[in-house]
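Proteins come first, then strands; the chains are lettered A, B, ... in the order of their sequence lines, and each starts at number 1. From a predicted model like this one, the values you see are computed outputs, not experimental measurements.
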Amino acid sequence: MIEILVDDCFLIGQILECGQSFRYKHIENNIYDIIAYDKRLRINQVGKHVYMDCSIEDYNSLWVRYFDMDRNYEQIQSILVKMDPILKKAVIEKRGLRILRQAPFEMLLTFILSQNKAIPQIKVLVERLCETYGQVVLDQYGTYYTFPTVDRLVDVSVEDWRRLKVGFRAPYLYDAIQKVAQGVIDFITIEKMLDNSARDRLMEISGVGQKVADCILLFAFGRIEVFPLDVWVRRMMTHAYFNDQNVSDQIILEFADRYFKGFGGLAQQYLFYYARDHQIGK
DNA sequence: ATCCAGGTCTGTT
DNA sequence: AACAGACATGGA
């Protein structure tokens, strides 16, 4: 068990429940279990004190990066709250969230599964995927399942995927896995590419459009300038900046790029969480 | 029953 | 380039 002192920009509930992670469990109050990188982390936050049930070695080599601890969120927040009253409200209310660095392969499959699904259902699908093809691990809190590797999934057929009730996403998953297995999609390479080329590369996968590609860039590679545009963010953006008019994706994306000045992805997450919580635009 | 969900693909204008 | 429908599945 280790103890970490955090600033106001670390609230474990906000971090996990803002919609970026699907593999966490709420135990009680401010206690959560997270499954990431084949490990389970029990985490408990009491004010500025965060207790993680892991070794200091794991914290330094894994969780510092996972929780994006080296980024100064207070500084970015102070910029965002000055922009306009609506963004300010969202940032203040959802303060404490951070952009996690999750495994790229996991983000790829998870956000393919996410399309046209509600968040609780995405969780069910991801969990079913892990229970079926992941590795079972026993620790002091019981058993859990890791997110499966490419090797474990490469022989899973479209039919097999259908049996997991992933619906029309079955061929998408299959194509994504084949391309990763063959090295056509290589995350080491993608990590080094500029946003636009990286996005284009990811979009070579069938079933990966701009939104899913941008989720991967944001949630796996910490590219906080990238702005995934989904139904909730669209509702929030048209409400906040376009007088509830129906404008094209292109217009919204160009506006976001210019307006949020390199912090679009982070702004997007505050807005997404706020919009979903308050059912903005429904 | 009908609609909708952290979209994308395909086929028409 | 912009727009409609289809696509599986499950919950409201």
Side-chain angles (χ1 to χ4, degrees), chain A residues 14-24 90 94 97 99-100 102 104 106-129 131-132 156-179 185 199-221 223-224 226-240 242 245-254 256 264-282:
Chain A
Q14 305 282 60
I15 292 170
L16 294 175
E17 289 178 27
C18 72
Q20 63 182 319
S21 167
F22 300 91
R23 300 214 67 202
Y24 68 90
K94 300 310 182 187
L97 73 79
I99 302 298
L100 298 173
Q102 304 182 71
E106 180 174 339
M107 291 300 95
L108 171 60
L109 300 195
T110 296
F111 281 98
I112 285 174
L113 286 175
S114 79
Q115 50 185 282
N116 224 43
K117 281 266 172 219
I119 288 187
Q121 299 178 43
I122 301 167
K123 269 182 129 169
V124 171
L125 284 182
V126 174
E127 221 41 47
R128 192 182 297 148
L129 161 62
E131 284 171 13
T132 308
V156 177
S157 68
V158 173
E159 250 185 27
D160 294 330
W161 287 118
R162 290 270 185 197
R163 265 181 237 119
L164 256 85
K165 300 297 176 191
V166 301
F168 62 82
R169 303 158 195 81
Y172 300 163
L173 291 173
Y174 184 83
D175 187 55
I177 292 159
Q178 297 313 308
K179 284 195 164 81
I185 293 293
R199 178 187 301 114
D200 288 344
R201 179 63 59 83
L202 289 167
M203 286 174 66
E204 288 172 15
I205 299 167
S206 170
V208 175
Q210 175 157 357
K211 190 270 171 180
V212 168
D214 284 349
C215 281
I216 298 165
L217 294 180
L218 179 60
F219 300 132
F221 297 110
R223 302 200 184 192
I224 61 161
V226 173
F227 192 87
L229 181 55
D230 63 43
V231 285
W232 286 111
V233 176
R234 150 170 281 288
R235 286 170 186 151
M236 193 66 196
M237 290 297 286
T238 54
H239 176 68
F242 295 93
Q245 290 178 91
N246 189 18
V247 287
S248 69
D249 286 6
Q250 189 126 93
I251 297 289
I252 297 176
L253 288 168
E254 279 170 11
L266 191 53
Q268 174 273 164
Q269 203 57 32
Y270 290 113
L271 293 171
F272 169 81
Y273 192 15
Y274 184 89
R276 187 169 58 95
D277 233 22
H278 296 272
Q279 299 285 296
I280 299 292
K282 284 211 69 183

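A salt bridge is absent between Arg162(A) and Glu159(A); no separation between the charged side-chain nitrogens and carboxylate oxygens falls under 4.0 Å.
Shortest non-hydrogen contact noted between Arg23(A) and Glu127(A) is NH2-OE2, 3.0 Å.
The side chain to side chain contact (heavy atoms under 4.5 Å, CB included) search around Ile119(A) returns Phe22(A), Ile122(A), Phe272(A), Arg276(A), not counting sequence neighbours. Judged as a ring-ring contact (aromatic ring centres under 6.0 Å, His included), and not counting sequence neighbours, Phe168(A) has no contacts. Taking Glu254(A) as the reference, nothing meets the salt bridge (Lys or Arg N to Asp or Glu O under 4.0 Å) condition, with sequence neighbours excluded. Checked against salt bridge (Lys or Arg N to Asp or Glu O under 4.0 Å), Asp200(A) has no partners two or more places apart in sequence or in another chain. With sequence neighbours excluded, the residues that form a salt bridge (Lys or Arg N to Asp or Glu O under 4.0 Å) with Lys179(A) are Asp175(A). Considering only residues two or more places apart in sequence or on other chains, Tyr172(A) meets the ring-ring contact (aromatic ring centres under 6.0 Å, His included) condition with none of them. Residues passing the ring-ring contact (aromatic ring centres under 6.0 Å, His included) test with Phe227(A) are Phe260(A), sequence neighbours excluded.
Rounded to an integer number of Å, the gap from NZ of Lys211(A) to C1' of dC9(B) is 16 Å. In this structure, Leu202(A) places its CG atom 18 Å from P of dG7(B), rounding to the nearest Å.
Screening residues 205-221 of chain A for side-chain hydrogen bond (donor to acceptor under 3.5 Å, both in side chains) gives Arg199(A)-Asp214(A) as the qualifying pairs, with residues at least two apart or on separate chains.
In terms of position along DNA chain B, the nucleotide closest to Leu229(A) lies nearer the 5' end than the nucleotide closest to the other residue of the pair Leu229(A) and Tyr172(A).
Rounded to a whole angstrom, the distance from the P atom of dC9(B) to that of dG10(C) is 23 Å.
Without hydrogens or angle criteria, Gln269(A) side chain to Ile99(A) main chain gives no donor-acceptor distance under 3.5 Å.
At a non-hydrogen distance threshold of 4.0 Å, nothing from residues 159-167 of chain A comes into contact with DNA chain B. Within residues 268-275 of chain A, the residues approached by DNA chain B to less than 4.0 Å at the level of any non-hydrogen atom are Gln268(A), Gln269(A), Phe272(A), in residue-number order.
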Extract from the structure each pairing of a protein N or O with an N or O of nucleotides 1-5 of chain B at less than 3.5 Å, listing the distance.
{"residue": "dA5(B)", "atom": "OP1", "partner": "Arg235(A)", "partner atom": "NH2", "Å": "2.3"}
{"residue": "dA5(B)", "atom": "O3'", "partner": "Lys117(A)", "partner atom": "O", "Å": "2.8"}
{"residue": "dA5(B)", "atom": "O3'", "partner": "Ala118(A)", "partner atom": "N", "Å": "3.2"}
{"residue": "dA5(B)", "atom": "N3", "partner": "Asn116(A)", "partner atom": "O", "Å": "3.3"}

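Within 4.0 Å (heavy atoms only), Gly207(A) reaches sugar-phosphate atoms of the nucleic acid but no base atom.
Nucleotides of DNA chain C with any atom under 4.0 Å from a heavy atom of chain A span, from 5' to 3', dC7(C) to dG11(C).
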